[in-house]
**Student:** 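The structure is given below, and queries will be raised subsequently.
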Amino acid sequence: MIKPDPNRVLRRLPIVVGGLGAVLLLINRLLTPELTESQARGDVVGVILSAVLILTGLIWQQVQPRSPDAVDLIGEEGFVLATDLPEAVKTELAWASHLLLTNTVTRSLVVFYQGKVLLRRGILGTKSEVTPGAILKRVLETQKPIYLVALYVYPGRIEFDYLPENTQGVICQPLGDQGVLILAANAPRSYSKQDENWIRGIADKLAVTLSRVSSSNP
């Protein structure tokens, strides 16, 4: 369910007040049998004020930032870790995922490394396995993140069937050349540059840890 914009009433208030004032001035003019000079001057001032209010409201519609429309992701909340991981890796994955879920707009995340799902946390999708599609393969090949700001407009969204079905935005952050950190948000265009930098730093830390464990366990 889409949550209403909390600033919608505030942005429309000047337009409503200005329009109401203009209508009342018109009614007053039509019902006045004889126009006096003072009334004429008052009408001019009222028209100017109404026009200023309407113009202010129109500017607010364009300039004031709107909060992204957020939804409640479909799925059950959970925390699933691969059972064969060393305890130190489990602890770091738990730490990293907690930070991302509590300090960014992320509501669901998946760690995919060397062809295996190591972690799923937050609101879980119905599918637990990850089959890399064109987008994930590109991230692995280029080792560059991809941010899908509004997932529903991308035809490639079908490859993210392991995320909640109404996911609004997705970041695919590489974990070196062996894996991808996949993060799902409940609102489009909701990740800021600060969020992206935060995610990149945590992903780099995870990549170092996972690479070290992989090299020590060939």
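The model shown is predicted, which means the values in this text are computed figures rather than measured ones.
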**Student:** Which heavy-atom pair separates A150 from R189 by the least distance, and what is that distance?
**Tutor:** CB-NH1, 4.2 Å

**Student:** CD/E165 to NZ/K127 distance, rounded to the nearest 0.5 angstrom?
**Tutor:**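 NZ of K127 is found 14.0 Å from CD of E165.
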
**Student:** Any salt bridge linking D84 with K116? Criterion: basic side-chain nitrogen under 4.0 Å from a carboxylate oxygen.
**Tutor:** yes

**Student:** For S108, does its backbone N or O pair with a side-chain atom of T106 as donor and acceptor, under 3.5 Å?
**Tutor:** no

**Student:** Apply side chain to side chain contact (heavy atoms under 4.5 Å, CB included) to the pair L93 and V111, showing each step before the final yes or no.
**Tutor:** CA-CA 9 Å; L93 287 172; V111 175; 4.1 Å; yes

**Student:** Got a second to check how far L118's CG is from T83's OG1, nearest 0.5 Å?
**Tutor:** 11.0 Å

**Student:** Would D177 and L140 count as a side chain to side chain contact (heavy atoms under 4.5 Å, CB included) if you check the C-alpha gap in whole Å, the side-chain angles of each, and the deciding distance to 0.1 Å?
**Tutor:** CA-CA 5 Å; D177 61 351; L140 288 167; over 6 Å; no

**Student:** Kindly work out whether a path of hydrophobic side-chain contacts (I/L/V/M/F/W/Y, heavy atoms less than 4.5 Å apart) joins F79 to L85.
**Tutor:** yes

**Student:** Tell me the closest heavy-atom pair linking L73 and A185, and the distance in Å.
**Tutor:**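 Where L73 meets A185 most closely, the heavy atoms are CD2-O, 4.2 Å.
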
**Student:** Do T102 side-chain atoms and H98 backbone N/O form a donor-acceptor pair below 3.5 Å?
**Tutor:**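 Yes, because the side chain of T102 sits within donor-acceptor range (under 3.5 Å) of the backbone of H98.
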
**Student:** With a 4.5 Å limit on heavy-atom distance, are the side chains of L99 and I202 in contact?
**Tutor:** yes

**Student:** Apply side chain to side chain contact (heavy atoms under 4.5 Å, CB included) to the pair L163 and V170, showing each step before the final yes or no.
**Tutor:** CA-CA 9 Å; L163 296 176; V170 170; 3.8 Å; yes

**Student:** Is the backbone of V71 close enough, under 3.5 Å, to the side chain of N186 for a donor and an acceptor to pair up by distance?
**Tutor:**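 Present.
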
**Student:** What are the two closest heavy atoms between L175 and A203, and how far apart are they?
**Tutor:** CD2-O, 3.4 Å

**Student:** Linking I/L/V/M/F/W/Y whenever their side-chain heavy atoms sit closer than 4.5 Å, directly or via other members, would I135 and I158 fall into one cluster?
**Tutor:**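 I135 and I158: separate clusters.
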
**Student:** Quick one: are P174 and P145 in side-chain contact, heavy atoms under 4.5 Å?
**Tutor:** yes

**Student:** If you count heavy atoms of other groups shown closer than 6.0 angstrom to CD of E76, is the number above 12?
**Tutor:** no

**Student:** Do you know which two heavy atoms are closest between S190 and A187, and how far apart they sit?
**Tutor:** OG-O, 2.7 Å

**Student:** Taking all non-hydrogen atoms of both residues, which atom of P164 and which atom of I123 are closest, and how far apart?
**Tutor:** CG-O, 3.4 Å

**Student:** With distance as the sole test, does Y152 use its side chain to make a donor-acceptor pair with the main-chain N or O of N166 at under 3.5 Å?
**Tutor:**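 Answer holds: no.
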
**Student:** Rounded to the nearest 0.5 Å, what separation is found between the CD1 atom of I199 and the CG atom of L206?
**Tutor:** 12.0 Å

**Student:** Which residue, T167, V130, L151, forms the side chain to side chain contact (heavy atoms under 4.5 Å, CB included) with F160?
**Tutor:**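 Only one of T167, V130, L151 forms a side chain to side chain contact (heavy atoms under 4.5 Å, CB included) with F160, namely L151.
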
**Student:** For a quick test of reading the model, state the closest non-hydrogen atom pair linking Y191 to Y147 and the distance between them.
**Tutor:**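 Between these two residues, the closest heavy atoms are N-OH, 3.0 Å.
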
**Student:** Please walk me through it: do V80 and L124 pass side chain to side chain contact (heavy atoms under 4.5 Å, CB included)?
**Tutor:** CA-CA 9 Å; V80 182; L124 305 182; 4.1 Å; yes

**Student:** Look up atom CG in D195 and atom CD1 in I171, then write down how far apart they are to the nearest 0.5 Å.
**Tutor:**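 Spacing of CG (D195) from CD1 (I171) equals 7.0 Å.
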
**Student:** For the side-chain hydrogen bond (donor to acceptor under 3.5 Å, both in side chains) test, which of R121, R120, E92 pairs with S97?
**Tutor:**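 Answer to the side-chain hydrogen bond (donor to acceptor under 3.5 Å, both in side chains) test with S97 among R121, R120, E92: R121.
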
**Student:** Working to the nearest 0.5 Å, report the span between OG1 of T104 and CH2 of W198.
**Tutor:**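 CH2 of W198 is found 9.5 Å from OG1 of T104.
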
**Student:** Give a yes or no on whether the backbone of L136 and the side-chain of E159 come within a donor-acceptor separation of less than 3.5 Å.
**Tutor:** yes

**Student:** What distance do L100 atom CG and W95 atom CH2 have between them, rounded to the nearest 0.5 Å?
**Tutor:**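 Nearest 0.5 Å value for the CG-CH2 distance: 8.5 Å.
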
**Student:** Using 4.0 Å as the upper bound for N to carboxylate O, is an ion pair formed by E141 and R138?
**Tutor:**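 Salt bridge flag = no for E141 with R138.
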
